[in-house]
2 protein chains.
Amino acid sequence: MTLEDQELKKAGLKVTLPRVKILQILENCSDRHMTAEDIYQALRDSDGDVGIATVYRVLTQFEAAGLVERHNFDNGPAIYEIDRGEHHDHMVCTETGKVIEFHDAEIENLQERIAAEKGYQLVGHSLVLYVKPKSS
Amino acid sequence: MTLEDQELKKAGLKVTLPRVKILQILENCSDRHMTAEDIYQALRDSDGDVGIATVYRVLTQFEAAGLVERHNFDNGPAIYEIDRGEHHDHMVCTETGKVIEFHDAEIENLQERIAAEKGYQLVGHSLVLYVKPKSS
DNA sequence: AAGCAAATCAGAACTATTCGCATTTGTGGG
DNA sequence: CCCACAAATGCGAATAGTTCTGATTTGCTT
C-alpha cells in the first residue's frame with residue numbers, strides 16, 4: 001500500500017489505477033501547476049488509457065476531498081495543484097507564463113475587514129497578480 | 001447626435017445601431033454588471049435583430065477602446081461593465097449573486113510591493129472576494 | 001472467487017466564445 | 001444629397017473547455 005493509496009483511502013475514495021496515477025503526476029510535476037489537459041498528456045505519454053472525462057471527474061473529486069485546489073486564471077483552462085494546506089495566492093508572468101506562489105497576511109486581513117465593512121462574511125477569495133519581468 | 005454617438009466617435013468606432021443599443025443597455029442596467037447573454041436578451045426583448053456574435057464582437061471592441069471592462073468570476077460567463085475610469089475590485093455574494101464594488105488603496109499598494117519583491121512589475125490583477133450575509 | 005456498487009471509457013452533449021463569409025450599413029468625397 | 005467602399009453585421013459553423021450518458025470494467029466485501 002503506497003502513500004498515494006493511503007491518501008485516497010483517507011479521502012474516502014476507492015483506490016483505482018487512474019486516481020493513483022493522477023495523484024502521482026500531480027505530486028511529481030515540476031512546477032506544481034497543471035491543467036487537466038497537461039495531466040491527460042502525461043498519462044498518455046507514460047502508458048495508460050485514461051480518458052479526459054475521467055481526468056476531469058477525478059480532479060473534481062480530489063477537489064471536493066480537499067486533495068487538490070482548482071484555480072481559474074483569466075480565461076484559459078483551469079489549473080490544478082496539490083493542496084498542501086498552506087493557503088497562497090498566485091502571480092502569473094504575462095511573458096513566460098510562469099506561476100509564482102505568494103502569501104501575504106496583511107492582504108488576507110484587509111479582505112476580511114472589507115467584507116465585514118459591507119456587512120458580509122468572507123467565505124473565499126481569488127487573487128491573481130499579472131506581472132512581467134522588472135526590466136522589460 | 002446623442003451622448004452615446006459621441007462616445008463611440010471618440011473611441012474611433014463607427015456609429016452603428018447595435019453598438020449604440022449595447023452601450024445604452026450597459027449604461028442603463030440596474031447593477032452595472034451584465035453577461036453577454038444578458039445583453040443579448042435585453043436586445044431581443046426590446047426589438048432588434050442583433051446576433052450573439054455581434055454582442056461579443058462589440059463588447060471586445062468596447063473593451064479594447066476602454067469603454068467597458070470584462071471580468072471573469074470563477075468559472076461562469078464573463079461579465080461586462082461600463083468603465084468609468086475608477087478602478088475597483090469585486091465582492092460576490094455566494095447566496096444572492098449580488099456584485100458589490102470596492103476599492104482599497106492599501107491592498108493595491110501591497111500588490112505592487114509583492115510583485116517588486118519577487119523581481120516583477122505589476123501589470124494587472126484580479127481580486128474577487130466571495131462572501132455571504134453576515135448572520136447566515 | 002462471486003456479487004454489486006462504484007468507477008471508467010468513449011463519445012455525445014453542452015456552455016461560452018470566436019470565426020468565415022455573404023449581405024448590409026455608415027461615412028467621407030464629389 | 002448621393003455613391004462607393006470599407007467596415008460592420010447576421011447567421012451558422014467551428015472551437016475550447018468541461019460535463020453527461022450509458023454500456024462495460026474494476027475493486028472492495030464476504
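Letters go in sequence order (proteins before strands), and every chain restarts at 1.
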Can you list, by residue number, the residues of residues 60-77 of chain A that have a non-hydrogen atom closer than 4.0 angstrom to DNA chain C?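 Output list: empty, so none.
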- Neighbours of DNA chain C within residues 36-46 of chain A, by heavy-atom distance under 4.0 Å: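 None - not one residue of the stretch has a heavy atom sitting under 4.0 Å from the strand.
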Exercise. Counting side-chain heavy atoms from C-beta on, which of dC9(C), dC19(C), dG27(D) comes nearest to Leu17(A)?
Worked result: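 Output: dG27(D).
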How long is the line joining [atom1] of [X] and [atom2] of [N], in whole Å?
{"X": "Ile52(A)", "N": "dG11(C)", "atom1": "CD1", "atom2": "P", "value": "14 Å"}
{"X": "Asp49(B)", "N": "dT9(D)", "atom1": "CG", "atom2": "P", "value": "14 Å"}
{"X": "Tyr80(A)", "N": "dG17(D)", "atom1": "OH", "atom2": "P", "value": "12 Å"}
{"X": "Leu59(B)", "N": "dT18(C)", "atom1": "CG", "atom2": "C1'", "value": "13 Å"}
{"X": "Leu8(A)", "N": "dT26(D)", "atom1": "CG", "atom2": "P", "value": "18 Å"}
{"X": "Ile22(A)", "N": "dT8(C)", "atom1": "CD1", "atom2": "C1'", "value": "11 Å"}

Original post:
Do the side chains of Val20(A) and Thr16(A) get nearer than 4.5 Å, heavy atoms only?
Top reply: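 Sidechains of Val20(A) and Thr16(A): no contact.
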**Message:** Could you tell me if the side chain of Val123(B) sits less than 4.5 Å from the side chain of Val131(A), heavy atoms only?
**Reply:**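 Of all side-chain heavy-atom pairs linking Val123(B) with Val131(A), none is under 4.5 Å.
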| task | Among Glu81(A), Glu86(A), Glu27(A), find the residue that satisfies the salt bridge (Lys or Arg N to Asp or Glu O under 4.0 Å) test when tested with Arg32(A). | result |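 Exactly one pass, corresponding to Glu81(A).
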Minimum-distance pair of heavy atoms, taken over all atoms of [X] and [Y]:
{"X": "Ala42(B)", "Y": "Ile25(B)", "result": "CB-CD1, 3.8 Å"}
{"X": "Ala11(B)", "Y": "Leu67(B)", "result": "CB-CD1, 4.2 Å"}
{"X": "Cys29(B)", "Y": "His33(B)", "result": "SG-N, 3.9 Å"}

Q.
Is the distance between the ring centroids of His125(B) and His87(B) under 6.0 Å?
A.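 Yes: the rings meet the under 6.0 Å criterion.
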Atom pairs under 3.5 Å: protein N/O with N/O of nucleotides 28-30 of chain D:
from, atom 1, to, atom 2, distance (Å)
dC28(D), OP1, Val15(A), N, 3.1

Run Glu95(B) and Lys132(B) through salt bridge (Lys or Arg N to Asp or Glu O under 4.0 Å) and show every step you take. CA-CA 6 Å; Glu95(B) 287 180 14; Lys132(B) 66 177 183 184; 5.2 Å; no
task = Could you go through the side-chain contact (heavy atoms from CB on, under 4.5 Å) check for Lys21(B) and Leu43(B) one step at a time?
result = CA-CA 8 Å; Lys21(B) 287 201 221 159; Leu43(B) 284 164; 3.7 Å; yes
Q) According to the interplanar angle, ranging from 0 to 90°, do the rings of His71(A) and Phe73(A) count as parallel (below 30°), tilted (30 to 60°) or perpendicular (above 60°)? A)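 Parallel, since the angle between the ring planes stays under 30°.
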Residue pair Glu4(A), Lys9(A): steps toward the salt bridge (Lys or Arg N to Asp or Glu O under 4.0 Å) verdict: CA-CA 9 Å; Glu4(A) 282 86 17; Lys9(A) 277 256 163 73; over 6 Å; no
### Query
Want to settle it: does Ala53(B) or Val50(A) sit nearer the 5' end of DNA chain C, counting the closest nucleotide to each?
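Checking each residue's closest nucleotide, the 5'-ward one belongs to Val50(A).
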### Query
Starting at the 5' end of DNA chain C, which residue's closest nucleotide do you reach first, Arg57(B) or Val58(A)?
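Of the two residues, Val58(A) wins.
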Under 4.0 Å from OP1 or OP2 of dT19(D): is there any side-chain N or O of Tyr56(A) that close?
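Answer is no, no contact under 4.0 Å.
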